[in-house]
Amino acid sequence: MKKTKQKLIIVVIFLVVFIVIGFYSFNNKDPYKKYNHIQSSEVLKTDQQEYWVYFYSIDNKDSIDSNNGISSLNKATNNVYFVEMKDKKIKIEDQQIQPTTLLYIKNHKIVKTYHGLKQLKEKHEKILEMSW
C-alpha cells in the first residue's frame, strides 16, 4: 500500500511539472522567431534602401496578434525586419517606439510610422500597396 502511494505521488508530480512546462512554453512562443531580426541600434543602418521594421514584445499580446497583417507583409516582400523589444519604449530618431509599431524606412530615414494594432489593421491594404 505504501509503495503504491509513493508511485502515485511521483506520477502526480511528473504530471504537474509536465503541465507547467507545457503551459509556459506554449504561452511564451515567439511567432516571429523565424523571420529576419535586427537590433534596435541597427534599425537605420541596414544595407537596403527601402525596408520595413516591426517592433514587438512577447509580453505585449497586440504586437504578436496573428491578425495584425505583419505576416502577410512579410510574405509580400523580403524587406521586413523584426525587433524584439525587451524594454517598453525605445527612442529612434526622436520618436518613442513601443511594441506594435511598424516603420517604413527609405534611404535610412523614417518615412512612415504606424502605431498600434488598430492602425495596423486599418492601414493594412495601404501598407501592402507600399511594399510593391
Side-chain angles (χ1 to χ4, degrees):
M1 183 63 119
K2 197 172 187 178
K3 284 188 177 190
T4 306
K5 226 179 196 180
Q6 286 177 338
K7 287 180 182 178
L8 182 62
I9 289 173
I10 291 172
V11 168
V12 169
I13 289 172
F14 276 114
L15 283 174
V16 169
V17 168
F18 181 73
I19 290 170
V20 168
I21 290 171
F23 181 76
Y24 178 77
S25 64
F26 178 75
N27 283 330
N28 288 318
K29 287 202 173 201
D30 181 348
Y32 305 118
K33 70 180 174 186
K34 61 184 175 184
Y35 300 134
N36 294 328
H37 279 75
I38 58 174
Q39 299 297 317
S40 59
S41 60
E42 301 170 326
V43 167
L44 300 174
K45 299 176 183 174
T46 68
D47 293 336
Q48 295 189 15
Q49 295 302 310
E50 290 183 64
Y51 54 98
W52 299 88
V53 180
Y54 182 64
F55 296 84
Y56 72 98
S57 171
I58 296 299
D59 299 329
N60 182 301
K61 298 297 181 196
D62 283 350
S63 71
I64 58 173
D65 186 317
S66 62
N67 295 319
N68 63 16
I70 299 302
S71 293
S72 58
L73 174 64
N74 193 57
K75 288 177 187 172
T77 181
N78 63 352
N79 59 353
V80 180
Y81 294 95
F82 293 81
V83 177
E84 182 180 356
M85 295 180 65
K86 305 292 184 201
D87 300 320
K88 292 185 180 194
K89 291 182 181 180
I90 57 174
K91 193 172 185 177
I92 297 176
E93 247 189 18
D94 298 326
Q95 289 192 34
Q96 290 292 328
I97 306 294
Q98 297 177 326
T100 321
T101 299
L102 178 66
L103 301 179
Y104 177 64
I105 299 173
K106 188 172 185 176
N107 297 323
H108 306 287
K109 299 224 182 283
I110 299 172
V111 175
K112 188 73 179 159
T113 304
Y114 300 93
H115 295 286
L117 185 60
K118 182 179 178 188
Q119 192 175 34
L120 285 174
K121 286 182 176 181
E122 287 174 355
K123 304 290 185 177
H124 178 68
E125 292 300 320
K126 183 178 181 179
I127 292 168
L128 285 177
E129 288 173 12
M130 288 176 65
S131 69
W132 294 105

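This chain uses plain numbering: 1 for the first residue, then up along the sequence.
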Next on the checklist: Return the CG to CG distance between N79 and N36, rounded to the nearest 0.5 Å.
Outcome noted: 9.5 Å
Checklist outcome for this item: One should read off an interatomic distance between T77 OG1 and W52 CH2, to the nearest 0.5 angstrom, of 9.0 Å
Checklist entry - What about L102 and Y32, same hydrophobic cluster or not, with Ile/Leu/Val/Met/Phe/Trp/Tyr joined at side-chain heavy-atom distances under 4.5 Å? => result yes
Next on the checklist: Can you tell me if K118 has over 12 outside heavy atoms packed within less than 6.0 Å of its NZ?
Outcome noted: no
Checklist entry - Which class fits the ring pair Y54 and Y56: parallel under 30°, tilted 30 to 60°, perpendicular over 60°? => result parallel
Item to check | Minimum heavy-atom distance between Q98 and K89, given as atom pair plus value | outcome: NE2-CE, 2.9 Å
Next on the checklist: side chain to side chain contact (heavy atoms under 4.5 Å, CB included), that's the test. Do I38 and V83 meet it? Break it down for me.
Outcome noted: CA-CA 6 Å; I38 58 174; V83 177; 3.8 Å; yes
Next on the checklist: Tell me which one of L44, T46, V111 satisfies side chain to side chain contact (heavy atoms under 4.5 Å, CB included) with I105.
Outcome noted: L44
Checklist entry - If you look at every heavy atom in F82 and N74, which pair is closest and at what distance? => result CE1-OD1, 3.8 Å
Checklist entry - Would a distance-only check, ignoring hydrogens and angles, find a side-chain to backbone donor-acceptor pair under 3.5 Å from Q119 to G116? => result no
Checklist entry - Under the side-chain contact (heavy atoms from CB on, under 4.5 Å) test, which residues partner K33, sequence neighbours left out? => result D30
Checklist entry - Got more than 12 heavy atoms from elsewhere within 6.0 Å of CD, Q49? => result yes
Item to check | Side chain T100, main chain S63, donor-acceptor under 3.5 Å | outcome: yes
Checklist entry - Roughly how far apart are T113 OG1 and I97 CD1, rounded to 0.5 Å? => result 6.0 Å
Checklist entry - Is the shortest heavy-atom distance from the side chain of L103 to the side chain of F55 under 4.5 Å? => result yes
Checklist outcome for this item: Tightest non-hydrogen contact, residues S40 and I92, listed as O-CD1, 4.1 Å
Next on the checklist: Which residues pass the side-chain contact (heavy atoms from CB on, under 4.5 Å) test with I13, not counting sequence neighbours?
Outcome noted: I9, V17
Next on the checklist: Just so I know, are the side chains of Y35 and I70 near enough to count as touching, which here means a heavy-atom distance under 4.5 Å?
Outcome noted: no
Next on the checklist: So Q48 and Y81, do their side chains get closer than 4.5 Å, heavy atoms only?
Outcome noted: yes
Item to check | Interatomic spacing from CD in Q39 to NZ in K45 - rounded to 0.5 Å | outcome: 11.5 Å
Checklist entry - How long is the span from the CE atom in M85 to the OG1 atom in T101, to the nearest 0.5 Å? => result 7.0 Å
Checklist entry - Does NZ or CZ of K106 come closer than 6.0 Å to the centre of the six-membered ring of Y104, within 45° of the ring's axis? => result no
Checklist outcome for this item: Residue pairs passing the salt bridge (charged side-chain N to carboxylate O under 4.0 Å, His left out) test with at least one member in residues 69-86, sequence neighbours excluded, are E84-K86
Next on the checklist: Do Y51 and H108 have side chains that approach each other closer than 4.5 Å (heavy atoms only, starting at C-beta)?
Outcome noted: yes
